[in-house]
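Data first, discussion second: the structure below is written as structure tokens.
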Amino acid sequence: MMSWFFGNKNYSPPSITGCSAINITHLESFEETYTTIQKAFDLAKGEPHNKYGHSYTGIQVDFDVVPDHKAVLGNALIAKQNVNQGTKVWEDWHYVHFSVDDRKKYYRFLENLDLKHQCLVLSLTHASYDGYYLEVTMDEGNYIQNAEHPEQINLDTTCVATRDIAAGERFYMNFTEYIGYDHDIDWFDDLKYEAFRDGKLRGGSISPSAAISWSDRPMHQTSRTPADRVNGYPEMFWPALTILAAMFALKKAAATSRQDGFNKNKMC
């Protein structure tokens with residue numbers, strides 16, 4: 001009856017399981033891996049692959065990726081050349097986002113990938129600073145590290161070098177300036193829980209927004225929005241729920257209006 005109002009509530013998520021058995025740090029070459037993911041994203045948008053003619057990677061300096069079991073996704077990004085202060089290290093060509101109120105687009109993106117790449121994308125996905133978006137980096141920008149101490153930081157939030165960086169140094173920034181650590185996106189969290197429920201993510205730490213063991217995480221018993229809670233309630237409660245849904249619609253409109261300010265708190 002109310003499905004016309006809540007366009008996403010009946011859109012089934014892809015069935016993804018068994019990710020804990022896949023070592024996501026060792027797929028193909030980085031170029032092949034990220035090109036595959038980028039093509040799936042373009043296909044989900046209905047656009048030709050790489051219509052802007054960008055390189056598969058947004059890294060603008062000579063770099064290398066080295067294994068590190070303590071690092072994000074088991075790898076760290078290092079400079080292979082001296083990098084002068086003020087140099088743009090990474091362009092966000094392949095940094096994409098999905099409204100949390102339009103899960104269908106994210107599901108479509110995942111459905112264009114095989115299991116191992118689905119698992120990788122789930123591990124790369126994090127909440128935006130304001131909690132209105134899910135964000136995914138589709139290149140080696142993923143291996144920029146989160147600084148544990150302020151003195152480690154050598155990139156600002158626009159990925160410009162804040163000081164001279166010597167060849168061999170790792171790239172560090174402050175993730176808390178663009179990642180929404182405190183935001184729960186229930187439908188995404190449940191999707192990821194199901195995918196990794198057999199154990200912890202392999203290959204070191206996982207994406208910054210999900211630094212917990214998914215085998216220990218309880219399933220959500222409720223959905224994220226009043227819209228998703230309508231099913232199962234008697235019809236007598238629908239007027240009240242409709243009011244709540246209208247409030248949710250206003251929230252969604254506010255989220256849309258925030259698009260103009262999206263760049264303020266996004267990575268680089």
Side-chain angles (χ1 to χ4, degrees), residues 1-22 24 27 36-47 49 96-128 131-136 138 180 183-201 206-207 209-210 212-235 237-238 241-242 244-249 251-253 255-256:
M1 176 177 178
M2 301 182 73
S3 60
W4 63 270
F5 192 86
F6 311 117
N8 284 308
K9 77 185 188 74
N10 292 321
Y11 194 93
S12 299
S15 178
I16 304 174
T17 59
C19 289
S20 61
I22 297 174
I24 57 174
L27 297 178
T36 296
I37 294 172
Q38 291 162 19
K39 286 180 177 179
F41 176 75
D42 291 338
L43 181 61
K45 290 195 304 178
E47 295 181 353
H49 173 57
V96 299
H97 66 279
F98 304 82
S99 169
V100 299
D101 296 323
D102 192 5
R103 68 190 74 176
K104 179 168 59 175
K105 291 181 180 178
Y106 186 77
Y107 290 164
R108 190 181 302 124
F109 174 36
L110 290 174
E111 288 167 351
N112 291 331
L113 294 164
D114 60 17
L115 176 61
K116 62 183 179 180
H117 291 96
Q118 289 175 333
C119 296
L120 179 58
V121 167
L122 286 171
S123 70
L124 299 178
T125 304
H126 62 79
S128 63
Y132 285 92
Y133 300 93
L134 290 176
E135 301 174 347
V136 187
M138 303 186 296
H183 299 295
D184 291 325
I185 315 299
D186 291 354
W187 62 263
F188 170 73
D189 292 343
D190 290 344
L191 178 66
K192 190 167 185 177
Y193 171 83
E194 286 297 324
F196 290 96
R197 68 185 307 171
D198 296 332
K200 298 180 181 180
L201 261 166
I206 58 179
S207 59
S209 63
I212 61 174
S213 168
W214 289 92
S215 61
D216 299 331
R217 187 185 187 284
M219 277 290 288
H220 288 286
Q221 299 303 309
T222 58
S223 301
R224 176 175 173 79
T225 67
D228 291 325
R229 296 175 185 151
V230 170
N231 280 348
Y233 283 93
E235 215 169 315
F237 294 119
W238 282 16
L241 289 172
T242 301
L244 289 174
M247 294 172 62
F248 168 67
K251 177 182 176 183
K252 181 175 181 179
T256 302

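The residues of the chain are indexed from 1 along the displayed sequence.
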Quick one: [atom1] on [X] to [atom2] on [Y], what's the gap to the nearest 0.5 Å?
| X | Y | atom1 | atom2 | answer |
| --- | --- | --- | --- | --- |
| D190 | D184 | CG | CG | 10.0 Å |
| Y193 | D186 | OH | CG | 14.0 Å |
| S99 | Y133 | OG | OH | 6.0 Å |
| S15 | L115 | OG | CG | 9.5 Å |
| L120 | L113 | CG | CG | 9.0 Å |
| R108 | R103 | CZ | CZ | 14.0 Å |

Please determine if R197 and E194 form a salt bridge, counting it only when a charged side-chain N lies under 4.0 Å from a carboxylate O. yes
Is K192 paired with D189 through a side-chain N to carboxylate O contact shorter than 4.0 Å?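 Here D189 does not pair with K192 in a salt bridge, since their nearest N and O are not under 4.0 Å apart.
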To check you understand the geometry: which heavy-atom pair defines the closest contact between [X] and [Y], and what is its length?
| X | Y | result |
| --- | --- | --- |
| I185 | A127 | CG1-CB, 4.4 Å |
| C119 | F196 | O-CZ, 3.6 Å |
| E111 | S12 | OE2-O, 4.3 Å |

Does a side-chain heavy-atom distance below 4.5 Å link [X] with [Y]?
| X | Y | answer |
| --- | --- | --- |
| F188 | V100 | no |
| M138 | V96 | yes |
| Y106 | V121 | yes |

Is there a donor-acceptor pair under 3.5 Å between the side chain of [X] and the backbone N or O of [Y]?
| X | Y | result |
| --- | --- | --- |
| W187 | P13 | no |
| D114 | H117 | yes |
| Q118 | L110 | yes |

Take atom NZ of K39 as the centre, draw a 6.0 Å sphere, and report whether it contains more than 12 heavy atoms from other residues, nucleotides or ligands.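 At most 12 heavy atoms, drawn from other residues, nucleotides or ligands, come within 6.0 Å of this atom.
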Can you say whether the rings of F109 and F98 are parallel (under 30°), tilted (30 to 60°) or perpendicular (over 60°)? parallel
Quick one: which of L122, I37, T125 gives a side chain to side chain contact (heavy atoms under 4.5 Å, CB included) with V136? T125
